[in-house]
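Letters A, B, ... are given to chains in the order of the sequence lines, protein chains preceding strands, and every chain is numbered from 1.
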Amino acid sequence: MAKMFEELGKIGKYGRHGYFTTRRGRVYTPTFMPDGTRGVVKSLLPDQVASTGVQVVLANTYHLHLAPGEKVIKKLGGLHAFGGWQGPILTDSGGFQVFSLGKFTKVSEEGVTFKHPITGEKRLITPESSIRVQLDLGADMLVAFDHLIGLDKSKPEDVLDAFERTHRWLDRCTKEFNRLTKSMKPSDRPMLFGVVQGGLDLDLRKKSLELVKASDVGGIAIGGLSVGEGQKAMFKVLSALAPLHDPSRPRFLLGVGEPADLRFAYEHGIDMADCVLPTRNARHATVFVSGDKKMHLTNSKFISDPNPIEEDCDCFACASGYSRAFLRHQFKVNEPVAGSLCSIHNLRYLERICEQYRVAK
RNA sequence: GCAGGGUUAGUGAAGCGGUCAAACACAACAGACUGUAAAUCUGUCGGCUUUAGCCUUCGUAGGUUCGAAUCCUACACCCUGCA
């Protein structure tokens, strides 16, 4: 496999910064990617997203498959034309929904059946169909359809079962992906990420990583973390995997967005991460501030506070001088612009973390 | 002036003899949120202490009753008809 990742410097003992190339251009790492589940980063226009330094946006296979459907989006020119984001788009596989919508789904060897949340009809997602949907959506980076389970209350045999199924499914994903993309020019070909599972079992995790590294994928994703196991447990897994990573491929930590968690991840070999946290928290009036602390803008103490969220922040909201008092008021009266401004701030906060790492030697 | 209806905690509004410190909604206050069924959800919301409990409340003042936000009387204010 061709060397894909160009390293430009080290971050601590295990981390690194550099770039890799997608069919929509280079992505500099470490990077944080906001989730635009339904084809947009909620409450933000593409220019606003880009203004924060975001390079890649996520979209979700599960949601877009249900509505409006990948065929509709394909007909409209794919996700880039549909939502207006011109940078690389990474689609998630739908595997997470198997976990988060657990009581309505049934996992079998073939795939996952679930009830359509609106129509109630029975639907099936398989590894093959997930890949097809992601390609129809026009994704530049795809994620293999995996099986994750909650870590806090799962039994070892369930973890093993999910681990084994994830790898059987990975084979099916790579086959389907290669079948559908082999005729493309290399420069037009999207990238597929395989997913490492194995719960909190470090041996299983290492084994899983080796299996993904040995498979025909362009990137390595680490899944099944930040699902309730606690920060210590997650750090243990990231630490165990850090020395084993493949230098030639980007490594993507799925679903992590706490600033402190991201720092740890980037220092332990992770190149990219996605999360709903910065944008969801922002819409819920919680913003990140220096020291990786959080500020609740609806608190009454901000009622006449003239300061921006952070004096030295260069995000649009802070640089424009929007006061905490203004933001608090707009939240109190349910004006969505407050959530938009805070989404910009929170994304910028995470991108600033990434940028700090990108100058390391 | 006559007849009828009303007055409940910050607001709106249930309750119409005991299980009522009083449903519910909103507001207020605090919190949660990690591959988005999330511009969502949770808790508090008379006072004091706080598993429990005690005290003061349902326009005001009396009364009936073992017991009243709930029944009776008077008064105050508001609304609707007829004059």
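For the OP1/OP2 pair of B:C29 and a distance below 4.0 Å, the side-chain nitrogens and oxygens of A:K332 include at least one atom meeting the criterion. Taking side-chain N and O atoms only, A:R328 has a distance below 4.0 Å to OP1 or OP2 of B:C29. Remark: A:H296 is in phosphate contact with B:A32, judged by side-chain N or O atoms under 4.0 Å from OP1 or OP2. Under 4.0 angstrom from either OP1 or OP2 of B:G35 there lies no side-chain N or O belonging to A:N60. Proximity of A:S226 to the phosphate of B:U34: no side-chain N or O atom is located under 4.0 Å from OP1 or OP2. Distances shown here put every side-chain N or O of A:N281 at or beyond 4.0 Å from the OP1 or OP2 atom of B:A32.
A gap of 15 Å separates the C1' atoms of B:G17 and B:C58, to the nearest Å. Nucleotides B:U7 and B:U70 place their P atoms 11 Å apart, quoted to the nearest Å. Taking atom C1' on both B:C72 and B:C16, the two are 15 Å apart, rounded to the nearest angstrom. One P atom belongs to B:G1, the other to B:A74, and the distance between them is 16 Å to the nearest Å. On the P atoms, B:G10 is 23 Å away from B:G6, given to the nearest whole Å. Rounded to whole Å, the separation between the P atoms of B:U57 and B:C77 comes to 24 Å. Across the C1' atoms, B:U49 and B:A37 are found 43 Å apart, a figure rounded to whole Å. Using P as the reference atom, B:G15 and B:G5 are 16 Å apart when rounded to the nearest Å.
When only modelled atom types and interatomic distance are considered, A:D35 and A:T37 share no side-chain donor-acceptor pair under 3.5 Å. Looking only at atom types and distance, the side chain of A:S208 has no donor-acceptor partner in the side chain of A:Q197 under 3.5 Å away. Side chains of A:S290 and A:E310: a donor on one and an acceptor on the other come within 3.5 Å. A donor-acceptor contact closer than 3.5 angstrom links the side chains of A:R165 and A:H147. With no hydrogens or angles considered, no side-chain donor-acceptor pair links A:R324 and A:N299 at under 3.5 Å.
With sequence neighbours left out, A:P68 forms a side-chain contact (heavy atoms from CB on, under 4.5 Å) with A:L64, A:V72, A:I73, A:F82. With sequence neighbours excluded, the residues that form a side-chain contact (heavy atoms from CB on, under 4.5 Å) with A:K294 are A:E258, A:N281, A:T286, A:F288.
Contacts between residues 122-136 of chain A and RNA chain B, defined by a heavy-atom separation below 4.0 Å, involve no residue at all. Listed in residue order, the members of residues 89-100 of chain A having a heavy atom less than 4.0 Å from RNA chain B are A:D92, A:S93, A:F96, A:Q97, A:S100.
Of all nucleotides present, none satisfies the Watson-Crick or G-U wobble test against B:A23 with each distance under 3.5 Å. Shown here, B:A30 forms a base pair with B:U42; the pair counts as Watson-Crick or G-U wobble because both key distances fall under 3.5 Å. The partner of B:U57 is absent, by the rule that a Watson-Crick or G-U pair needs both atom distances under 3.5 Å. Nucleotide B:A76 has B:U7 as its partner under the Watson-Crick or G-U criteria, with both atom distances under 3.5 Å. Nucleotide B:C2: paired with B:G81 (Watson-Crick or G-U wobble, both distances less than 3.5 Å).
Taking 4.0 Å as the cut-off between side-chain N and carboxylate O, A:E355 and A:R352 do not count as a salt-bridged pair. With salt bridges taken as basic N to acidic carboxylate O contacts below 4.0 Å, none links A:K213 and A:D246.
By the criterion of side-chain heavy atoms lying less than 4.5 angstrom apart, applied directly or through intervening Ile, Leu, Val, Met, Phe, Trp or Tyr residues, A:V57 is grouped together with A:I353 in one hydrophobic cluster.
Residue A:L253 is classed as having no contact, given no heavy-atom separation below 4.0 Å to the nucleic acid. At the heavy-atom level, A:S300 lies under 4.0 Å from the strands shown only through sugar-phosphate atoms. Using a 4.0 Å heavy-atom distance criterion, A:Q231 is classed as making no nucleic acid contact. Residue A:D261 is classed as a base contact, given a heavy-atom separation below 4.0 Å to a base. As judged by a 4.0 angstrom heavy-atom cut-off over every strand, A:G257 is placed among the base-contacting residues. Counting non-hydrogen atoms under 4.0 angstrom, A:S43 reaches nothing in the nucleic acid.
A cation-pi arrangement is present between A:R16 and A:F5, with the terminal nitrogen or guanidinium carbon under 6.0 Å from the aromatic centre and inside a 45° cone about the axis.
The CG-P distance, from A:L58 to B:U34, rounds to 16 Å in whole Å. At whole-Å resolution of the value, CG in A:L297 and C1' in B:G31 are 15 Å apart. Distance A:F302 CZ to B:A30 C1': 13 Å, rounded to the nearest Å. When rounded to the nearest whole Å, the span between CG of A:L277 and P of B:A32 equals 11 Å. Atom CG of A:L44 is separated from atom C1' of B:U36 by 14 Å (rounded to the nearest Å). As a whole-Å value, the separation of A:I303 CD1 from B:A30 P is 10 Å. At whole-Å resolution of the value, CD in A:E258 and P in B:C33 are 7 Å apart. B:G35 atom C1' lies 10 Å from atom CD of A:Q197, rounded to whole Å.
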Between the protein and nucleotides 38-41 of chain B, list the N/O to N/O atom pairs that are separated by less than 3.5 angstrom.
residue : atom : partner : partner atom : Å
B:A38   : OP2  : A:R38   : NH1          : 3.1
B:A38   : N7   : A:R280  : NH2          : 2.9
B:A39   : OP2  : A:R283  : NH1          : 2.2

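No hydrogens or angles were tested; on distance alone, a donor-acceptor pair under 3.5 Å links the side chain of A:T286 to the base of B:C33. Below the 3.5 angstrom threshold, one finds a donor paired with an acceptor across the side chain of A:D146 and the base of B:G35.
Atom CZ of A:F20 sits about 7.0 Å away from atom OG1 of A:T22, to the nearest 0.5 Å. Residue A:L341 holds its CG atom at 7.5 Å from OG of A:S320, rounded to the nearest 0.5 Å.
Pairs engaging residues 48-67 of chain A under the ring pair (Phe, Tyr, Trp, His ring centres under 6.0 Å) rule: A:Y62-A:F114 [sequence neighbours left out].
Under the 3.5 Å distance criterion, the side-chain polar atoms of A:S130 are left unmatched by any main-chain donor or acceptor of A:T126.
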